[in-house]
Amino acid sequence: GKVDEERVLSMLVLTAVHDIMKAEIFCPKVQKEHAPYRGYEAGDELLDHDLALAYVLQFYPNLLPSIAGLSPDARRAVLFTQAKLDYNQGWLVQGESPPGI
């Protein structure tokens, strides 16, 4: 089958940025116009790195140039990975899975 180059690119971009919010200096605060956001109120700092990345991807994708360069469809695919579905990018990169799977 044909390789979806755009999907591959979006996963490579995710690999590059998925843990950027572990540096708390980058963690956003929920803005008034987005509150409540997944249980957080306006002014709350999003310290969960996956949630912080999801927030930025959803509302401020242009802050991350590699994300901004993706098509809207590719950005939606990357955002989907941050939906708390127990997707672990590290497992993909390292070829690992939880015990018993």
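Here the CG atom belonging to Leu12 is positioned 11.5 Å from the CD atom belonging to Glu5, to the nearest 0.5 angstrom. Between atom NE2 of residue His34 and atom OH of residue Tyr55 there is a gap of 4.5 Å, rounded to the nearest 0.5 Å. We find the CG-OG distance between Asp4 and Ser10 to be 7.5 Å, quoted to the nearest 0.5 Å. To the nearest 0.5 Å, atoms CD (Glu24) and CD (Glu45) are separated by 6.5 Å.
Between His49 and Met21 the shortest heavy-atom distance is O-CB, 3.5 Å. What you find for Ala74 and Leu70 is that their closest heavy atoms are CB-CB, 3.8 Å. Considering all non-hydrogen atoms of both residues, Thr15 and His18 come closest at O-ND1, 3.1 Å. Considering all non-hydrogen atoms of both residues, Ala54 and Leu79 come closest at O-CD1, 3.5 Å. The heavy-atom pair separating Thr81 from Met11 by the smallest distance is CG2-CE, 4.2 Å. The heavy-atom pair separating Ala42 from Lys32 by the smallest distance is CB-CA, 3.7 Å.
Panel note: side chain Asp19, backbone Lys22; no donor-acceptor pair is recorded below 3.5 Å.
You'll find the side chain of Ile20 stays beyond 4.5 Å of the side chain of Val56, heavy atoms only. Within the 4.5 Å cutoff, the side chain of Leu53 has heavy atoms near those of the Leu64 side chain. Contact of the Arg38 side chain with the Val30 side chain is not registered, since no non-hydrogen atoms from C-beta on lie closer than 4.5 Å. For the pair Arg75 and Leu57, the minimum side-chain heavy-atom distance is 4.5 Å or more. Residues Val13 and Val78 form no side-chain contact, since every pair of their non-hydrogen atoms from C-beta on lies 4.5 Å or further apart. A heavy-atom distance below 4.5 Å is found between the side chains of Tyr37 and Phe59.
Side-chain heavy atoms closer than 4.5 Å link hydrophobic residues (I, L, V, M, F, W, Y) into clusters, and following such links, even through other members, never connects Tyr60 to Leu47.
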